[in-house]
> 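Please see the structure below; I have some questions.
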2 protein chains.
Amino acid sequence: MKFSTRGTYGLRAVVELAKHYGEGPVSLAAVAAEQGISEAYLEQLMRSLKNAGIVKTTRGKTGGYLLTREPQSISVLETLRALEGSTDIADCVGADASVCENACTCSARPLFLKLQSRINAVLEETTIGELTEDHIEQKKRIEHARLS
Amino acid sequence: MKFSTRGTYGLRAVVELAKHYGEGPVSLAAVAAEQGISEAYLEQLMRSLKNAGIVKTTRGKTGGYLLTREPQSISVLETLRALEGSTDIADCVGADASVCENACTCSARPLFLKLQSRINAVLEETTIGELTEDHIEQKKRIEHARLS
DNA sequence: GATAAAGCCGAGTGAAACGGTAGGGATTAA
DNA sequence: TTAATCCCTACCGTTTCACTCGGCTTTATC
């Protein structure tokens with residue numbers, strides 16, 4: 001039940017793009033530097049995000065990455081799905097429950113279903129826009145505390 | 001964000017013991033057979049559960065495993081903690097947040113905290129007793145459907 | 001048109017975790 | 001005494017994770 005760095009880094013990268021939403025493309029190097037992530041690794045994550053239609057790119061010099069939509073319209077759920085393939089905690093929850101042959105007699109399954117629905121609720125209702133606002137607020141508070 | 005077999009099997013084993021609560025010890029072999037788990041593997045899980053004070057044992061012939069308390073008083077949270085060490089989805093949530101050096105500036109952390117609290121709520125409020133009742137009910141329904 | 005900065009892509013790799021096995025020892029009811 | 005049971009340590013093959021490498025294409029700028 002651990003969150004992968006893939007999900008975490010990817011989420012942070014998307015928030016970074018959201019901070020510059022409407023300002024033109026941001027280069028991979030800039031995102032990597034700001035977030036302290038290896039460029040080569042981040043590139044892989046960006047590829048997943050691009051395939052999922054969450055980010056788009058412009059190539060050549062002055063090129064970079066941009067969000068395809070407003071940060072408020074991008075849910076954390078779809079972002080994580082793009083990065084990790086699935087957010088399902090087990091094979092027996094979600095669409096293809098047939099993977100687990102004894103799904104209907106497993107005593108843990110009711111728990112999994114409940115847990116999954118709660119998790120999905122949070123991931124679905126939280127948007128990249130919110131995370132971005134929170135982040136900006138937080139940085140302001142730190143700055144303020146530092147000066148006083 | 002996948003549930004380990006350790007957690008799943010362990011939970012199922014505890015439910016199995018709960019089904020026989022008050023009837024004396026159940027042997028490892030019996031639990032393993034009923035749940036379709038390798039004996040040697042299950043033994044490891046049982047040890048973790050014993051160390052955590054969730055199950056106790058009697059040795060020698062006719063020995064076996066028993067729950068230390070009523071199924072209703074054992075939460076899924078403590079069971080999973082015993083089996084998996086921790087149910088934290090990231091290092092920056094929970095008691096020792098210092099593991100993550102930039103915890104206070106990470107844009108993903110607020111999400112993690114929210115998610116963790118929702119997850120813990122479910123795991124805390126769900127008891128082994130409930131899972132056991134659900135399981136018995138479910139088996140009854142299947143039996144009923146099969147006969148008609 | 002050359003150049004340099006950017007993205008695009010597939011393959012590879014070391015370490016750790018996962019899931020499970022093996023084998024022997026200690027305890028105890030019958 | 002014996003056989004069934006729990007107790008313990010070590011090991012091991014596979015997969016996943018996190019990350020790297022090297023070469024390619026595209027494009028703004030000089």
Side-chain angles (χ1 to χ4, degrees), chain A residues 1-13 16-17 20 24-52 54-68 80 83-86 88-91 100, chain B residues 1-13 16-17 20 24-33 35-52 54-68 80 83-86 88-91 100 108:
Chain A
M1 281 295 283
K2 281 277 178 287
F3 234 89
S4 65
T5 62
R6 207 178 155 83
T8 310
Y9 289 170
L11 223 38
R12 280 163 54 188
E16 192 61 32
L17 293 183
H20 299 100
V26 183
S27 77
L28 187 69
V31 176
E34 182 74 22
Q35 292 291 330
I37 309 170
S38 134
E39 276 187 54
Y41 188 35
L42 183 58
E43 192 189 320
Q44 285 189 4
L45 312 187
M46 286 301 204
R47 223 181 298 177
S48 297
L49 291 167
K50 190 186 175 186
N51 290 337
I54 293 170
V55 309
K56 59 185 173 186
T57 57
T58 60
R59 299 184 67 173
K61 207 170 177 176
T62 75
Y65 294 84
L66 311 91
L67 295 185
T68 56
L80 287 178
L83 292 161
E84 309 199 329
S86 156
D88 290 351
I89 59 170
D91 290 335
C100 181
Chain B
M1 283 293 286
K2 281 276 179 288
F3 235 87
S4 65
T5 63
R6 207 178 154 83
T8 310
Y9 289 170
L11 224 37
R12 281 163 54 188
E16 192 61 33
L17 294 184
H20 300 98
V26 183
S27 77
L28 188 69
V31 176
Q35 291 292 329
I37 308 172
S38 135
E39 276 187 54
Y41 188 34
L42 183 58
E43 193 189 319
Q44 286 188 4
L45 312 187
M46 286 302 205
R47 215 181 307 171
S48 298
L49 291 166
K50 189 185 177 189
N51 290 337
I54 294 170
V55 309
K56 60 186 172 184
T57 57
T58 60
R59 299 184 68 174
K61 205 168 175 174
T62 75
Y65 295 84
L66 313 91
L67 295 186
T68 56
L80 287 178
L83 291 161
E84 309 199 330
S86 157
D88 290 350
I89 58 170
D91 291 335
C100 182

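Below, read A as the first sequence line, B as the second, and so on, with proteins coming before strands; counting in each chain starts at 1.
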> When you list every nucleotide of DNA chain C with an atom under 4.0 Å from a heavy atom of chain A, which one comes first 5' to 3', and which comes last?
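Listed 5' to 3', the contact boundaries are C/dA5 to C/dA11.
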
> Could you write out each protein N or O paired with an N or O of nucleotides 28-30 of chain D at a distance under 3.5 Å?
none

> For the pair made of NZ in B/Lys2 and P in D/dC17, what is the distance, rounded to whole Å?
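In whole Å, D/dC17 P and B/Lys2 NZ are 9 Å from each other.
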
> Excluding sequence neighbours, so at least two apart, what forms side-chain contact (heavy atoms from CB on, under 4.5 Å) with B/Ala30?
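Listed in chain order: B/Val26, B/Ser27.
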
> Find the distance A/Tyr9:OH to D/dA18:C1' and express it as a whole number of Å.
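Roughly 8 Å, once rounded to whole Å.
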
> Strictly below 4.0 Å, heavy-atom distances to any atom of DNA chain D: list the hits from residues 41-49 of chain B, or just say none.
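Only B/Glu43, B/Gln44, B/Arg47 qualify.
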
> When the nearest nucleotide of DNA chain C is assigned to B/Ser38 and to A/Ser27 on a heavy-atom basis, which residue is associated with the more 5' position?
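First, find each residue's nearest nucleotide; the 5'-ward one identifies A/Ser27.
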
> Between B/Glu39 and A/Phe3, name the one whose nearest nucleotide on DNA chain D is closer to the 5' end.
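Looking at the nearest nucleotide for each, B/Glu39 comes out on the 5' side.
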
> Under the side-chain contact (heavy atoms from CB on, under 4.5 Å) rule, collect the residues that match up with B/Leu66, sequence neighbours excluded.
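Listed in chain order: B/Pro25, B/Lys56, B/Thr58.
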
> State which residues pass side chain to side chain donor-acceptor pair (under 3.5 Å) with A/Ser48; sequence neighbours excluded, sorted by chain then number.
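By the side chain to side chain donor-acceptor pair (under 3.5 Å) rule, A/Ser48 matches A/Arg6.
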
> To the nearest 0.5 Å, tell me how far A/Ile54 CD1 sits from A/Leu83 CG.
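A/Ile54 atom CD1 to A/Leu83 atom CG measures 7.0 Å (nearest 0.5 Å).
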
> Listed by chain and number, what are the side chain to side chain donor-acceptor pair (under 3.5 Å) partners of B/Thr68, not counting sequence neighbours?
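Partners of B/Thr68 under the side chain to side chain donor-acceptor pair (under 3.5 Å) test: none.
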
> Is B/Thr58 close enough to D/dC6 that one of its side-chain N or O atoms is under 4.0 Å from OP1 or OP2 there?
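It does not, given that no N or O in the side chain of B/Thr58 lies less than 4.0 Å from OP1 or OP2 of D/dC6.
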
> Sequence neighbours excluded, which residues qualify as side-chain contact (heavy atoms from CB on, under 4.5 Å) partners of A/Glu84?
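Listed in chain order: A/Phe3, A/Ser4, B/Met1.
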
> Go through the structure and list residues passing side-chain contact (heavy atoms from CB on, under 4.5 Å) with A/Thr62, not counting sequence neighbours.
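Once residues adjacent in sequence are excluded, A/Thr62 has no partner under the side-chain contact (heavy atoms from CB on, under 4.5 Å) criterion.
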
> For A/Lys2 and B/Asp88, which heavy atoms make the closest approach, and how far apart are they?
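Between these two residues, the closest heavy atoms are NZ-O, 2.6 Å.
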
> Using the side chain to side chain donor-acceptor pair (under 3.5 Å) criterion, which residues pair with B/Ser86? Sequence neighbours excluded.
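Not a single residue meets the side chain to side chain donor-acceptor pair (under 3.5 Å) criterion with B/Ser86.
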
> At their closest point, which heavy atom of B/Leu42 faces which heavy atom of B/Ala13, and how far apart are they?
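That would be CD1-CB, 3.8 Å.
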
> With a 4.5 Å limit on heavy-atom distance, are the side chains of A/Tyr65 and A/His20 in contact?
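Side chain of A/Tyr65 against side chain of A/His20, heavy atoms only: no contact under 4.5 Å found.
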
> So A/Lys50, base contact, sugar-phosphate only, or nothing? Heavy-atom distance under 4.0 Å.
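Here A/Lys50 touches the backbone only, sparing every base.
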
